[in-house]
Amino acid sequence: MNLILLGAPGAGKGTQAEVICDALKIPAISTGNMLRAAVKAGTEYGLKAKAAMDAGALVSDDIVIGILKDRINEPDAQNGFILDGFPRTVPQAEALDAMGVTIDKVVEIYVADEKIQQRLSGRRVCEVCGNSYHVDFKPTKVEGVCDGCGGKTVIRKDDEPATVLDRLKTYHEKTAPLKDYYAKQGKLVTVEGQEEVSETSKLTLKAIEG
Ligand code: AMP
């Protein structure tokens with residue numbers, strides 16, 4: 001099954017992608033994580049992507065389409081995958097169609113902007129493995145230390161309040177039109193993000209099965 005998770009930054013797509021990954025045994029593919037790894041490794045496209053990411057803007061379509069195409073051609077993605085953070089523009093969705101990829105379902109995780117601003121201010125990520133936490137909703141066992149790998153957890157540069165506003169604006173302008181794009185194809189299902197992550201997860205899995 002090939003799935004897309006759609007939603008504003010901070011709506012909880014990453015967490016839901018992990019839940020689906022465990023339940024369906026298909027890889028969760030996050031272009032954001034891949035880009036952050038490239039920035040850290042100092043690769044050519046990492047260097048190109050960094051300025052846009054720090055500013056809360058989108059990285060150019062050709063860069064992300066290129067990395068996504070390579071990733072979905074890897075062996076572990078041949079029985080299906082969950083895309084988290086891709087597509088983010090209509091041209092990216094069109095590129096996916098042009099690759100001949102059949103998308104079975106697009107799950108939108110809806111959370112109101114005000115709530116997102118509140119949530120992102122508490123988000124922490126592991127600077128080593130990229131695992132995501134929240135000081136209130138998903139704290140690490142030991143403050144500042146990743147449960148998974150023991151790395152240091154930090155505030156993402158693009159989670160600074162001013163950048164969050166820019167990211168939300170970008171989402172509404174560039175990404176939200178994808179809801180129409182996939183609704184027209186009869187593939188869009190919307191899940192309302194709940195206070196309890198486990199409740200959202202139940203709704204997400206139901207949306208995929210239904
Ligand atoms: P995320 O972790 O999904 O919030 O992504 C972090 C940042 O990476 C975004 O704010 C963008 O700058 C960039 N990014 C991730 N995925 C894409 C995409 N599909 N298209 C363009 N930029 C992206």
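For ligands, and for the atoms within them, numbers begin at 1 and follow the listed sequence. Quantities reported herein were computed from a predicted structural model and do not represent experimental measurements. Index from 1, following the sequence.
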Can I get a per-line list of side-chain donor-acceptor pairs under 3.5 Å for residues 41-52, giving both atom names and the distance, sequence neighbours left out?
unit_1	atom_1	unit_2	atom_2	d
T43	OG1	G46	N	3.2
K50	NZ	D54	OD2	2.7

Take M34 and I29 through the test side chain to side chain contact (heavy atoms under 4.5 Å, CB included) and record every step on the way to the result. CA-CA 8 Å; M34 290 164 77; I29 298 175; 4.0 Å; yes
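Counting only N and O atoms by type, the side chains of Q194 and T200 include no donor and acceptor under 3.5 Å apart. For Y171 and D166, the side-chain atoms include no donor-acceptor pair closer than 3.5 Å. No side-chain N or O of S121 forms a donor-acceptor pair with one of D159 less than 3.5 Å apart.
Protein residues are said to neighbour a ligand when one of their heavy atoms lies under 4.0 Å from it; for ligand 1 these are T31, G32, L35, R36, M53, A57, L58, V59, V64, G85, F86, R88, Q92, R156, D158, R167.
Counting only distance, with no hydrogens or angles, the side chain of Y133 and the backbone of D147 share a donor-acceptor pair below 3.5 Å.
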